[in-house]
Amino acid sequence: MKYWLMKSEPDAFSIDDLERKGVEPWDGVRNYQARNFMRDGMKPGDKIFFYHSNTDVPGIVGIATVASPAYPDESQFNPKSKYYDEKSKREEPRWMLVDVKFERKFKRTVSLDEMKAREELADMPLVRKGNRLSVMPVAKHDWDIILKLEKA
DNA sequence: GCCAACGTTGGC
DNA sequence: GCCAACGTTGGC
């Protein structure tokens, strides 16, 4: 089993939205590296840190699981969607996604500040300057440290 | 295939 | 709202 982190702006889709819905297709990813992680890396049952970006206190707010294999993101074919991609054809879809299932909310937000301050997390891509990836792998080592931070 | 211009992300 | 960092596009 692998570990991941997925970013979402809470104004657009928050951990509470996911809790309400239960399962949600993670649409709108339009970055090739992020797509490749979903398409080639993720397997049903993998664990995901749910991260809130572009908000007062950016940080990890809960845990979700991968709930499906990768399949084409329907929004790329919809001219009315803001994620529409006119260059993508059904025979050869450019953008893939996975379904994401709510597991639990953290008792508190593990903030980006906190993670940056941790020497043990210095190698985590998330805390590196200028990282804009919205889907990224998390090392087991870092996963475990963050779970301890939640309880601290 | 280089690189300037442009667009987007996301912390602050 | 600003802007640094980065990805993508398109002219050449």
Side-chain angles (χ1 to χ4, degrees), chain A residues 2-21 24-42 46-66 70-139 141-143 145-150 152:
Chain A
K2 295 204 178 104
Y3 300 92
W4 306 93
L5 181 143
M6 295 173 109
K7 295 179 183 174
S8 183
E9 302 193 12
D11 286 349
F13 191 77
S14 70
I15 186 87
D16 294 318
D17 294 326
L18 184 62
E19 179 169 29
R20 216 171 298 124
K21 296 218 172 184
E24 180 78 359
W26 201 264
D27 65 1
V29 170
R30 294 294 180 266
N31 171 284
Y32 288 104
Q33 224 183 322
R35 177 205 65 186
N36 293 346
F37 284 135
M38 289 198 287
R39 189 187 61 186
D40 309 328
M42 287 188 177
D46 285 358
K47 302 264 183 200
I48 303 162
F49 278 144
F50 196 110
Y51 180 92
H52 279 176
S53 65
N54 244 315
T55 186
D56 282 359
V57 183
I60 297 169
V61 293
I63 295 176
T65 54
V66 177
Y71 63 95
D73 180 343
E74 195 57 31
S75 66
Q76 71 196 301
F77 306 122
N78 179 2
K80 278 182 273 185
S81 168
K82 65 172 172 170
Y83 301 125
Y84 179 58
D85 182 346
E86 60 174 8
K87 291 183 197 145
S88 184
K89 301 285 158 242
R90 278 197 184 272
E91 315 83 72
E92 208 181 335
R94 182 180 289 190
W95 304 112
M96 307 287 279
L97 55 68
V98 296
D99 288 344
V100 163
K101 180 168 173 250
F102 178 80
E103 183 168 311
R104 69 178 181 89
K105 264 177 85 167
F106 273 6
K107 290 191 279 291
R108 64 183 196 87
T109 299
V110 175
S111 73
L112 181 61
D113 273 356
E114 240 180 304
M115 292 187 277
K116 278 183 173 167
R118 285 272 157 183
E119 194 69 32
E120 318 92 279
L121 295 177
D123 289 334
M124 201 185 176
L126 180 72
V127 305
R128 295 258 187 76
K129 199 161 105 178
N131 185 4
R132 303 178 313 164
L133 258 189
S134 64
V135 178
M136 67 181 89
V138 175
H141 167 264
D142 297 339
W143 181 275
I145 289 169
I146 289 162
L147 286 186
K148 273 184 211 153
L149 279 181
E150 184 208 357

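The one candidate from A/L147, A/I15, A/I146, A/I48 that meets the side-chain contact (heavy atoms from CB on, under 4.5 Å) condition with A/I63 is A/L147. Remark: of the listed residues A/N31, A/D85, A/D27, A/D85 is the sole one forming a side-chain hydrogen bond (donor to acceptor under 3.5 Å, both in side chains) with A/W95.
Note: CD (A/E86) to C1' (C/dT8) measures 15 Å, nearest angstrom. Between A/F13 atom CZ and B/dG10 atom P the separation is 16 Å, expressed in whole Å. As a whole-Å value, the separation of A/R35 CZ from C/dT8 C1' is 14 Å. At whole-Å resolution of the value, NE2 in A/H52 and C1' in B/dT9 are 17 Å apart. One atom, CG of A/N36, and another, P of C/dG7, lie 13 Å apart when rounded to the nearest Å.
Between A/R30 and A/N54, the residue anchored closer to the 5' end of DNA chain C is A/N54, taking for each the nucleotide with the nearest heavy atom.
In this structure, A/Y83 does not reach the B/dT8 phosphate: none of its side-chain N or O atoms is under 4.0 Å from OP1 or OP2. Here A/K116 reaches the OP1 or OP2 of B/dC12: one of its side-chain N or O atoms lies under 4.0 Å away.
Taking a 6.0 Å sphere around CG of A/D40, one finds it holds more than 12 heavy atoms contributed by other residues, nucleotides or ligands.
Residues of residues 118-136 of chain A having a heavy atom closer than 4.0 Å to DNA chain C, listed by number: A/K129, A/G130, A/R132.
The residue A/D56 sits apart from the nucleic acid: no heavy atom pair falls under 4.0 Å.
Considering only the side chain of A/Y32, C/dT8 comes nearest among B/dG11, B/dC12, C/dT8.
Residues A/T65 and A/V100 fail the side-chain proximity criterion, which asks for heavy atoms closer than 4.5 Å.
In this pair, A/F49 and A/W143 present their aromatic rings parallel. The plane angle is below 30°, not in the 30 to 60° band. Between A/W4 and A/F37, the ring planes are tilted. Angles from 30° to 60° get that label.
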